[in-house]
2 protein chains.
Amino acid sequence: MMAAGAYIVDDDEAIRDALIWLFKSRKVAARAWPSAEAFLADWRDDMRGCLVLDVRMEDMSGPELFDQLCERKSQLPVIFLSGHGDIPLAVAAVKKGAFDFVEKPFNDNELVDRVIEAIGFDASRRAERANQATVASRLSQLTPREREVMERILEGKYNKVIADELNIAMRTVEVHRAHIFGKMGVRSAVELAQRLSGSR
Amino acid sequence: MMAAGAYIVDDDEAIRDALIWLFKSRKVAARAWPSAEAFLADWRDDMRGCLVLDVRMEDMSGPELFDQLCERKSQLPVIFLSGHGDIPLAVAAVKKGAFDFVEKPFNDNELVDRVIEAIGFDASRRAERANQATVASRLSQLTPREREVMERILEGKYNKVIADELNIAMRTVEVHRAHIFGKMGVRSAVELAQRLSGSR
DNA sequence: GCCGCCATTGTGGTTATCCGCAACCCGGCC
DNA sequence: GGCCGGGTTGCGGATAACCACAATGGCGGC
């Protein structure tokens, strides 16, 4: 797993070099590929940061690469570099969820700003997903009965009320409650409520 | 306050009539204005639904109207109708937060689908805002001391611990706690946590 | 048949929460 | 000075939560 950075795909070597230099001058890690195919071969889901993609390239275009990555469930935010003629293509990509696109010729600083923004977006989204995955994994460890009890705990009901609703003894509810807290890794109903609503 | 619907702004009467007919045939309330200025004069913040806006119009263009509405804090989602030549303009609007744009000539059903989606988006966002406003208003009624106590309640701490941290008696914490629940309109710490994290 | 997991329940005791009643101090306001 | 809101505290009791120890019954797998 490398550090988060900019992944550049452009078939023009001069532009690749210029972009790498530009990003590194702003302390943004950068690496470049000369074609969509080359990038796709190296692509891994744990690449963190943001993709900077030329729209018009030999063989596979930027938007085509974007489609391929979407099919592979890539979460990497994508910023397109588009010439005037390419705008309709880039626009279609934006409607499909691309992070942004900048028209050539672009302002260096603005591009880097957008890239940094995208890298931050990626980081927070990954953190969010990781948290959701943890919660989901813990939820899956609960037994059906425990889930029933948890629902009612989250409605702020007393153990006694829950016991009545489920036609079981209060003691049983207490046991379930302890199991739920243990499995969910929390120490109180308040923490439980926060952890769950934070990932809904 | 009228029902949620489509607000059409287009300087071509034939298109206005066609759109109104189209929307009404799908049970979507619709009303049209012949110019951006006319709409702006009638605009009110409680208009619910979605704005359908021609990009190219006499005097004030669609994107210009959008900018005006943004300045007036309009939350109305906007769908642009754009000809091929207008795409760069519409694109700029999308980057500023427009809901979507469809290129002319458009597919009737797809347009209505998008409009319905935007109306739903508006409804849920308004509900969300209303809830946040309620919570914010209730939070503002808390005294500084109560806020300190609430923070700690939300960390799942025992009244005893809170008392120690604030160097006050447990009884005082209990009193604050009761005040907090009363002012926030909840009956338990769990509800409090949910209401707050639901609006963060 | 034995083991493990799940659900269930009881006893008894500790700790927390929740509240009514009562009271004191302080600062701002009429 | 009197009133009021905010913060503070004590007492005592009702209620709920938490927990260790202990135990039963069902069900699926080895």
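The sequence lines fix the lettering, A, B, ..., with proteins before strands; numbering per chain opens at 1.
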(message) Rounded to whole Å, please give me the gap between CZ in B/Arg171 and P in D/dG13.
(response) 15 Å

(request) First locate atom CG of A/Leu40, then atom CG of A/Leu65, and finally report the distance between them rounded to the nearest 0.5 Å. (result) 6.0 Å

(request) Find which nucleotide of DNA chain C each of B/Ala178 and A/Lys183 is nearest to by heavy atoms, and output the residue with the more 5' nucleotide. (result) A/Lys183

(request) Using the heavy-atom set of chain B and a strict 4.0 Å cut-off, write down the first and last nucleotide of DNA chain C that makes it in, 5' to 3'. (result) C/dA16 to C/dC21

(request) Round to a whole Å and report the spacing from CG of B/Leu166 to P of D/dG7. (result) 12 Å

(request) Please state how far atom CZ in B/Arg177 lies from atom C1' in D/dT8, giving the value in whole angstrom units. (result) 18 Å

(message) Taking A/Arg72 first and then A/Asp45, would you say they form a salt bridge - that is, a charged N and a carboxylate O separated by under 4.0 Å?
(response) no

(request) Indicate yes or no: does B/Arg26 engage B/Asp113 in a salt bridge with an N to O separation below 4.0 Å. (result) yes

(request) Determine whether any donor atom in the side chain of B/Arg145 lies under 3.5 Å from an acceptor atom in the base of D/dG7, or the reverse, and answer yes or no. (result) no

(message) Less than 4.0 angstrom between a side-chain N/O of B/Thr143 and OP1 or OP2 of D/dG5, yes or no?
(response) no

(request) By nearest nucleotide on DNA chain D, pick out whichever of B/Glu174 and B/Ala169 is the more 5' one. (result) B/Ala169

(request) Write down the distance between NZ (A/Lys157) and P (D/dA16), rounded to a whole number of angstrom. (result) 15 Å

(request) Identify whether the distance between the nearest side-chain nitrogen and carboxylate oxygen of B/Arg152 and B/Glu155 falls below 4.0 Å. (result) no

(request) Measure up the B/Phe39 and B/Trp33 rings against each other and bin them: parallel (under 30°), tilted (30 to 60°), perpendicular (over 60°). (result) perpendicular

(request) Check every strand shown and say whether A/Thr172 touches a base, only sugar-phosphate, or nothing at a heavy-atom separation below 4.0 Å. (result) base

(request) Before accepting this row, confirm whether a basic side-chain N of the pair B/Glu174/B/Arg171 lies closer than 4.0 Å to the acidic partner's carboxylate O. (result) yes

(message) Does D/dT8 have its OP1 or OP2 closer than 4.0 Å to a side-chain nitrogen or oxygen of B/His176?
(response) yes

(message) Please check: side-chain N/O of B/Lys183 versus main-chain N/O of B/Gln141, any donor-acceptor pairing under 3.5 Å?
(response) yes

(message) Using OP1 and OP2 only, check whether a side-chain N or O of A/Asn159 sits under 4.0 Å from D/dA17.
(response) yes

